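First the structure, in the form of structure tokens, and then the observations on it.
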Amino acid sequence: MNKLSKYTSLHVGGPATSIVHVTSESEIIAAIEGAGDSPILIIGGGTNVLISDSGFNGTVIHIANNSIESEIDACSGATLTIGAGENWDSFVSTSIARRFAGLETLSGIPGTVGAAPIQNIGAYGHEVSEFITRVRTYDRESKEIKTFTNAECEFSYRSSYFKAHPGRYVVLDVAFQLRIGESTTPITYLELAKKLEIEIGDKSSVVACRAAVLELRANKGMLLVAEDHDSWSAGSFFTNPIISQQAADELPNAAPKWPLTDGRVKVSAAWLIENSGIHKGDEIGGARISTKHVLALTNSGTATASDIAALAKHARDKVQSTFGITLVPEVNLIGIEI
Ligand SMILES: Cc1cc2nc3c(=O)[nH]c(=O)nc-3n(C[C@H](O)[C@H](O)[C@H](O)COP(=O)(O)OP(=O)(O)OC[C@H]3O[C@@H](n4cnc5c(N)ncnc54)[C@H](O)[C@@H]3O)c2cc1C
């Protein structure tokens, strides 16, 4: 039985018609073309998807090509081209071991390199878009390889050109430009600065920064740990809403607000959920709000995809009725709605 629950960090998802594991670029393209007209679902680590209990009626292509190429130049830094199926945090850890700086605040994010540009992963003050020079893809429509420059990826907060054109482009590899060095850029995220016992704007060593990020993430259940059900999640279920200044002014002063350069304001989805009467540990069926982080919806061990969706809907509706703000899922919903 091709149960997709085995491939997702939420441990839910019904069967697929077929699942193909691909470990090279030619295998990826052959699998796409071999599927013919049947629907295709691309998955990497399965850490940002909620797949329905009825599964996926088509071919699931599990991306596992993990090539690494590097060019080092004392002036311009390190250019690394990484296969889409490489594990993201292995790449971060290896880069740091080779004394390349830049990715340290993105330590511990689960999933693959190929999925990183899709939602422009980010954490602790940085986004992956700051380090990507190009993304090489297979265009399923034109059946050609298409390479995107950074600008063409149209990166924004938890989004990209690829996210806006779901299913069309399959990422084959991603090129990154990193600095050579052992020091971070100035730390901009207060919680991280505190953990490092430095002031905002100070620098730290890259190694210390990675260790601090991993510790912060562990305390929030934001590292995947096989035996810890609090980490059986898809990370933050909702994005932080971006609202007008006027709407932000109507929120209580205690609500965290981050002004953006375009005049709008990003507000904390976690704060909104917690202050709409939802608590860590709240459950619907086997779905549970993480006991460590209110924005992570988890599988306590017996959850179905429908349970997770019901809990997500409950949280979204509570925030809507309390604050008039509609939370948008960050997680990709496959065959299921909330
Ligand atoms: C505990 C936990 C913590 C997390 N913390 C963070 C965080 O701090 N910041 C953050 O941004 N995210 C976070 N996430 C979300 C997740 O880790 C990222 O979105 C990650 O990039 C998903 O990678 P994946 O390989 O698992 O993607 P999948 O879940 O397999 O796929 C996600 C989407 O990308 C598509 N996709 C995957 N690979 C490809 C490819 N090669 N080509 C085209 N499309 C593709 C899929 O079709 C799907 O739509 C967290 C998740 C978990 C479980």
Side-chain angles (χ1 to χ4, degrees), residues 4 7-11 13 22 25 28-29 31-32 39-51 56 58 60-66 82-92 105-129 135-140 146 148 153 155 157-174 189 213-214 216-218 220-226 228-240 290 292-293 295-299 329-335:
L4 289 166
Y7 295 86
T8 68
S9 55
L10 273 166
H11 299 258
V22 285
E25 184 170 317
I28 295 176
I29 296 171
I32 294 167
I40 289 176
L41 171 66
I42 302 290
I43 57 165
T47 66
N48 201 24
V49 286
L50 172 60
I51 301 176
F56 185 74
V60 171
I61 301 180
H62 179 225
I63 305 277
N65 62 320
N66 51 6
I82 312 297
E86 174 68 19
N87 177 273
W88 171 259
D89 194 50
S90 303
F91 166 50
V92 174
T105 68
L106 306 179
S107 293
I109 298 180
T112 55
V113 167
I118 306 289
Q119 73 150 7
N120 184 19
I121 58 169
Y124 298 101
H126 291 278
E127 291 178 337
V128 74
S129 55
V135 178
R136 215 160 60 85
T137 69
Y138 183 70
D139 179 351
R140 289 178 54 205
K146 171 153 172 57
F148 289 76
C153 293
F155 288 121
Y157 168 65
R158 293 300 172 276
S159 193
S160 68
Y161 186 84
F162 314 113
K163 184 132 190 184
H165 296 82
R168 175 162 176 185
Y169 299 98
V170 179
V171 176
L172 302 172
D173 59 47
V174 184
Y189 202 91
V213 166
L214 290 178
L216 287 171
R217 295 186 73 92
K220 293 178 188 168
M222 281 288 168
L223 285 181
L224 278 186
V225 180
D228 178 8
H229 286 203
D230 242 358
S231 81
W232 285 23
S233 76
S236 301
F237 199 91
F238 299 102
T239 55
N240 288 323
S290 161
K292 299 190 182 84
H293 188 18
L295 202 44
L297 273 54
T298 68
N299 178 350
E330 177 180 315
V331 173
N332 298 279
L333 307 177
I334 314 289

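This chain uses plain numbering: 1 for the first residue, then up along the sequence. Order of appearance sets the numbers: ligands from 1, and atoms from 1 within every ligand. Computed from a predicted model, the values in this text were never measured in an experiment.
Of all heavy-atom pairs spanning Val170 and Ile28, the tightest one is CG1-CG2, 3.9 Å. Between Thr8 and Ile51 the shortest heavy-atom distance is CG2-CD1, 3.9 Å. Of all non-hydrogen atoms in Thr112 and Gly45, the two that sit nearest each other are CG2-N, 3.6 Å. Contact detail for Cys153 and Val135: the closest heavy-atom pair is SG-CG2, 3.7 Å. Contact between Ser290 and Thr298 at its shortest, heavy atoms only, is CB-CG2, 3.7 Å. The minimum heavy-atom distance between Met222 and Ser236, with the atom names listed, is CE-N, 3.9 Å.
Between the side chain of Ser160 and the main chain of Pro117, a donor-acceptor pair closer than 3.5 Å is present. In this structure a side-chain-to-backbone donor-acceptor pair under 3.5 Å is present from Arg140 to Gly167. Using a distance-only test at 3.5 Å, with no hydrogens or angles considered, a donor-acceptor pair links the side chain of Asn120 to the main chain of Ser129. At least one donor-acceptor pair under 3.5 Å links the side chain of Trp232 to the backbone N or O of Ala226. Side-chain N or O atoms of Asn66 include none that pairs as donor or acceptor with a backbone N or O of Glu86 at under 3.5 Å.
Residue contact annotation: Arg158 has a non-hydrogen atom under 4.0 Å from ligand 1. For the pair Phe162 and ligand 1, no heavy-atom separation below 4.0 Å is found.
By the criterion of a heavy-atom distance under 4.0 Å, the backbone of Ala234, and not its side chain, is placed next to ligand 1. At a heavy-atom cutoff of 4.0 Å, ligand 1 is contacted by the side chain of Asn332 but not by its backbone.
Looking at atom 42 (N) of ligand 1, its nearest protein heavy atom turns out to be Val171 N, 2.8 Å. If you check which protein heavy atom lies closest to atom 37 (C) of ligand 1, you get Ala115 CB, 3.7 Å. For atom 31 (O) of ligand 1, the nearest protein heavy atom (residue, atom name, distance) is Val49 CG1, 4.0 Å. If you check which protein heavy atom lies closest to atom 45 (C) of ligand 1, you get Ile42 CG2, 3.7 Å. Remark: minimum distance from atom 44 (N) of ligand 1 to any protein heavy atom is reached at Ile118 CD1, 3.5 Å. Nearest protein heavy-atom neighbour of atom 13 (C) of ligand 1: Ile109 CG2, 3.8 Å. The single protein non-hydrogen atom nearest to atom 19 (O) of ligand 1 is Gln119 NE2, 2.9 Å, given as residue, atom name and distance. Here the protein heavy atom with the shortest distance to atom 17 (O) of ligand 1 is Pro110 O, 2.8 Å.
Here's the thing with Ser233: none of its N/O atoms is less than 3.5 angstrom from an N/O atom of ligand 1. Between Asn48 and ligand 1, at least one N/O pair is under 3.5 Å apart. Residue Gly122 has at least one N or O atom closer than 3.5 Å to an N or O atom of ligand 1.
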**Request:** Apply salt bridge (charged side-chain N to carboxylate O under 4.0 Å, His left out) to Asp230 and Lys292, showing your working.
**Result:** CA-CA 7 Å; Asp230 242 358; Lys292 299 190 182 84; 3.4 Å; yes
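Counting atoms of ligand 1 from 1 in the listed order, those under 4.0 Å from a heavy atom of Ser9 are 53 (C). Heavy-atom contacts of Gly111 reach the following atoms of ligand 1: 23 (O), 24 (P), 25 (O), 26 (O) (cutoff under 4.0 Å). Of all atoms in ligand 1, numbered sequentially from 1 with element shown, those under 4.0 Å from a heavy atom of Tyr169 are 43 (C). Near Arg217, the atoms of ligand 1 lying under 4.0 angstrom from a non-hydrogen atom of the residue are 3 (C), 4 (C), 5 (N), 6 (C), 7 (C), 8 (O). Using a 4.0 Å cut-off to heavy atoms of Ile43, the atoms of ligand 1 that qualify are 30 (O). Within the listing of ligand 1, atoms 2 (C), 3 (C), 4 (C), 50 (C), 51 (C), 52 (C), 53 (C) sit less than 4.0 angstrom from a heavy atom of Gly235.
Interatomic distance, CZ of Phe155 versus CD of Gln119, reported as 11.5 Å (0.5 Å rounding).
Across Leu172, Thr112, Val331, Ile40, heavy-atom proximity to atom 25 (O) of ligand 1 is greatest for Thr112.
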